[in-house]
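Hydrogens, waters and symmetry mates play no part in the numbers below; they use all other heavy atoms, side chains included. First the proteins, then the strands, lettered A, B, ... as listed; each starts at 1.
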Number of protein chains: 4
Amino acid sequence: MAERKTQPKSEPTSSVNGAASRGRPRSMRAWKAVLDVATEILERDGYGALTVDAIAAGAGVSKATIYRWWSDKADVAMDAVLAAIESEIPVPDTGSLRKDLEQQLINVVDMLTKTSHGPAIAGLIAEIQSNERVGEAFRENFLRSRREAAFTVLRRGRERGELNKGIDFDVAVDSLYGPVYYRLLLGHQPLDRKFGKALLAQLCRGLLVDPKA
Amino acid sequence: MAERKTQPKSEPTSSVNGAASRGRPRSMRAWKAVLDVATEILERDGYGALTVDAIAAGAGVSKATIYRWWSDKADVAMDAVLAAIESEIPVPDTGSLRKDLEQQLINVVDMLTKTSHGPAIAGLIAEIQSNERVGEAFRENFLRSRREAAFTVLRRGRERGELNKGIDFDVAVDSLYGPVYYRLLLGHQPLDRKFGKALLAQLCRGLLVDPKA
Amino acid sequence: MAERKTQPKSEPTSSVNGAASRGRPRSMRAWKAVLDVATEILERDGYGALTVDAIAAGAGVSKATIYRWWSDKADVAMDAVLAAIESEIPVPDTGSLRKDLEQQLINVVDMLTKTSHGPAIAGLIAEIQSNERVGEAFRENFLRSRREAAFTVLRRGRERGELNKGIDFDVAVDSLYGPVYYRLLLGHQPLDRKFGKALLAQLCRGLLVDPKA
Amino acid sequence: MAERKTQPKSEPTSSVNGAASRGRPRSMRAWKAVLDVATEILERDGYGALTVDAIAAGAGVSKATIYRWWSDKADVAMDAVLAAIESEIPVPDTGSLRKDLEQQLINVVDMLTKTSHGPAIAGLIAEIQSNERVGEAFRENFLRSRREAAFTVLRRGRERGELNKGIDFDVAVDSLYGPVYYRLLLGHQPLDRKFGKALLAQLCRGLLVDPKA
DNA sequence: CAATAAACGAGACGGTACGTCCCGTCTTCAG
DNA sequence: CTGAAGACGGGACGTACCGTCTCGTTTATTG
């Protein structure tokens, strides 16, 4: 995504957008081939091996075409990742806040470890550090929807009275996801379901003994 | 650090290591100049602008000299960051676990935001994603001591009976630091003392209402 | 010109050619606009800056239209130059071969220096070196008429007995025009009327002292 | 040549130039390989097919190295041509101006047609039209010495009283070489020894009948 | 006090990828 | 059927860094 130069969202063909749609329409083949090849390279060789020339060659597409629609290789990588993670994020609704959060945490952990998206996403986050545009796009197109899903879960929990008072949702979500990405990026400890569950248990219960007890 | 090729640790002077040490000794001037310039570039222009050529030119040092002592530009950056963060990490000991943890969290947040090390460290973490050696070094030379300090604090708290039972220290430390680095790297929400305190409050108390209450 | 793909010659209107002429007729506006813009770019920025995209954009014409009627940017340039040099080449006829030749030489020099066609023509000649089709067209549409005019002048002179015996007209014409284009293309010495006159004087009289005198 | 960035002339190694000669010395292998490959491409495929990438690939040299020493592909081509035409230009000295000039003209014609340098030189002259730097270099490194040789011949002839009075050497040289390059570049008539001889005959004798006779 | 040997500055080297530019072709829709 | 719009594959351009190398030049220790 990130600064699509002409099209506002994903679909390349559109046609039926209000405007006139003059000139040769964007090639769906090229669009798909680019993302496919990018995804393949990301999964096979990692973000570091992703090259605009390689994408172009592999997709049978000219570099000019890539740069016409994406500003960066990071921009392509973002679209590739987003397309690969089919964007359906099921918001769990088991009736129990605890269970909903656990499910969500497991979903994230699984996506980052059981699929091959983990390194790609880590690569994108790395890119953010030297390319603010990528940060913008990542937050907008990837993070936001995930956070909103978490917000929904928390909101439901609060309405059922399961949540402690005075919890800041932003802080809560960061304390759920933060440690997961911390392990993804730093690699100092394994990232797996066991960790997700232990983390959740601890977050729910709190670290300290209740002073009133 | 990371795989110093000849020298075991930081100091460049050597001389009095067991072996003979013939030939011209390592230049302290060059060593210092490299790290100074690297630090300066990191602080002024960020990790993306850090270039071995730029360091060499700025330090009046040849590239060969840099590569003789550091394996990578990431390696230089690491040493620069470590040298800049004076490695003394005071382990707080107020007698209260809660206060110790808060102090530690504030120390980290301040280091990442009040000094100019934040972007440099973020850049290093980015580098890890495509350079495993950097990861090794980062965990070894930077992370470990911080985590051990946190372990010490937690241990003292447990001995005083302030800590809930069954807390996994690794998970606990990740839940303290993870969210901080998450905000540093993603930039979706501000990273400041206020966040540190809110985070700590939430971690101590837990998210959910006590089922037994 | 050069290989007009559909139209035999310059005029774009067609319509009244024998055939039926179905569909939308060729746009005179487009035809004129292309040549005007090409001429303008050639005169303002030189041959190197001439770009099919620039012509299309400047003329409000599509590239496809340009390529439908011209084979090349060189082809466009040629037409532009030919159109700009109004093709009437007056053949001087003063009654004196010497004066006729001088007038002709001055005409060429003026056209190449006093107007802005010099660089455009130099650019075309440059193009010939890597594009034989341009050479063909240049000789056919530009050179030939000029040479024939010179032939006419020489023929008249010969009939009046002013010309030495055994003069090869082709060689003679090359010795008149060659040095002029040599200076145009190489730029080692100024190209001006003074040069034209000196050249002519020398050619008429010969370099060497008459052995019989 | 054209703007050699460090070395004033051809030889890359030098070593014994007055200055210090610090750093790794220029690679003679690279220097030679570049010019050899460039010459080969020029002779085999012509100037239009000359590509910096192709030279780099063929010579086993990086593009950076080429651009370090030559500003342009035109610059490389120039050096290649100059190196190929071993710069020894024998100045004929037969005792007869007429014969000397004829020899010189034949030398030029042969060089342009019997060897494969003709197209390369034509390509360079084409390049001049859009690259003034090339013009400068061409005049300086190629033209000048040739013209000076012709001047020498003319000067000797004048001293022997073979030359008409009032001959401008610059004009005379242009009238000798101009027509040759005219045919080389325009291709409207064959360029061969026969033409050279006919041209010289005509130049020596003059076009017009002697009015005094 | 010479010989030796390592480290130094300078900077050229082979590579790889970048992002831009232009070419000539194509594909759509409007007149 | 022409024309404007403009996307497309192709391919060269010139730049920027990387990490390695080859010099001549210090600067110690050793014999």
Side-chain angles (χ1 to χ4, degrees), chain A residues 6 12 15 20-27 29-31 50-54 56-57 59-69 71-73, chain B residues 6 12 15 20-27 29-30 50-54 56-57 59-73, chain C residues 6 14 20-27 29-30 50-54 56-57 59-73, chain D residues 6 12 15 20-27 29-31 49-54 56-57 59-69 71-73:
Chain A
T6 340
S15 298
S21 164
R22 297 205 294 177
R24 177 174 177 174
R26 178 173 181 186
S27 157
R29 191 197 64 73
W31 173 73
L50 192 65
T51 288
V52 177
D53 290 81
V61 148
S62 79
K63 283 207 290 173
T65 296
I66 294 180
Y67 282 107
R68 196 179 347 260
W69 299 108
S71 59
D72 252 350
K73 93 172 152 180
Chain B
T6 343
S15 296
S21 164
R22 300 215 308 159
R24 179 174 175 173
R26 176 172 181 187
S27 156
R29 192 197 64 73
L50 191 65
T51 290
V52 177
D53 290 82
V61 147
S62 83
K63 286 207 292 171
T65 298
I66 294 179
Y67 282 105
R68 193 173 354 253
W69 301 110
W70 291 274
S71 61
D72 250 351
K73 97 173 150 175
Chain C
T6 344
S14 66
S21 163
R22 298 213 306 157
R24 181 170 172 177
R26 177 171 179 189
S27 157
R29 192 197 64 73
L50 191 65
T51 290
V52 178
D53 290 81
V61 148
S62 83
K63 285 206 294 172
T65 299
I66 294 179
Y67 282 106
R68 188 165 6 245
W69 300 108
W70 292 274
S71 61
D72 251 351
K73 100 173 149 176
Chain D
T6 340
S15 298
S21 165
R22 297 204 294 176
R24 179 174 176 173
R26 178 172 179 185
S27 156
R29 191 197 64 74
W31 174 73
L50 191 65
T51 289
V52 177
D53 290 83
V61 147
S62 79
K63 283 208 290 174
T65 296
I66 295 179
Y67 283 108
R68 195 178 350 259
W69 298 108
S71 59
D72 252 350
K73 93 173 153 180

### Query
From R26(A) CZ over to W31(A) CH2, what is the distance, rounded to the nearest 0.5 angstrom?
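Those atoms lie 7.5 Å apart.
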
Q | A54(B) or G23(D), whichever maps to the more 5' nucleotide of DNA chain F | A |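 Nearest-nucleotide comparison on DNA chain F picks A54(B).
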
Identify each atom pair where a protein N or O and an N or O of nucleotides 8-12 of chain F are less than 3.5 Å apart, giving names and distance.
residue, atom, partner, partner atom, Å
dC8(F), OP1, S27(A), N, 2.8
dC8(F), OP2, R68(A), NE, 3.4
dC8(F), OP2, W69(A), NE1, 2.5
dG9(F), OP1, R29(A), NH2, 2.7
dG9(F), OP1, G60(A), O, 3.4
dG9(F), OP2, S62(A), N, 3.3
dG9(F), OP2, T65(A), OG1, 2.9
dG9(F), N7, S62(A), OG, 3.1

- Message: Which heavy atom of A56(A) sits nearest to which heavy atom of S62(A), and what is that distance?
- Response: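 Smallest interatomic distance, heavy atoms only, reads CB-C, 4.3 Å.
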
Do K73(C) and I66(C) come within less than 4.5 Å of each other through their side chains, counting heavy atoms only?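 Not touching, per the 4.5 Å side-chain cut-off.
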
Between W70(B) (CH2) and dC18(F) (C1'), how many Å, whole number?
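Taking atom C1' of dC18(F) as the reference, CH2 of W70(B) is at 17 Å.
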
inquiry  = What is the distance, to the nearest angstrom, from the OH atom on Y67(B) to the P atom on dT22(F)?
reply    =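 Taking atom P of dT22(F) as the reference, OH of Y67(B) is at 17 Å.
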
Which nucleotide in the list dG19(E), dG19(F), dG14(F) gets nearest to the side chain of D72(B)?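 Comparing dG19(E), dG19(F), dG14(F) against the side chain of D72(B), the answer is dG19(F).
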
Item to complete: Take the C1' atoms of the five end pairs on each side of the helix from dC1(E)-dG31(F) to dG31(E)-dC1(F), derive the two axes, and give their angle rounded to 10 degrees.
Response: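 Helix axis angle between the two ends: 10°.
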
Practice item. Under the salt bridge (charged side-chain N to carboxylate O under 4.0 Å, His left out) rule, collect the residues that match up with K63(D), sequence neighbours excluded. Key: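 Only D53(D) meet the salt bridge (charged side-chain N to carboxylate O under 4.0 Å, His left out) criterion with K63(D).
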
(message) Between T51(D) and A54(D) (side chain of the first, backbone of the second, donor and acceptor by atom type, cut-off under 3.5 Å), is there such a pair?
(response)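 Between the backbone of A54(D) and the side chain of T51(D) there is no qualifying donor-acceptor contact (under 3.5 Å).
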
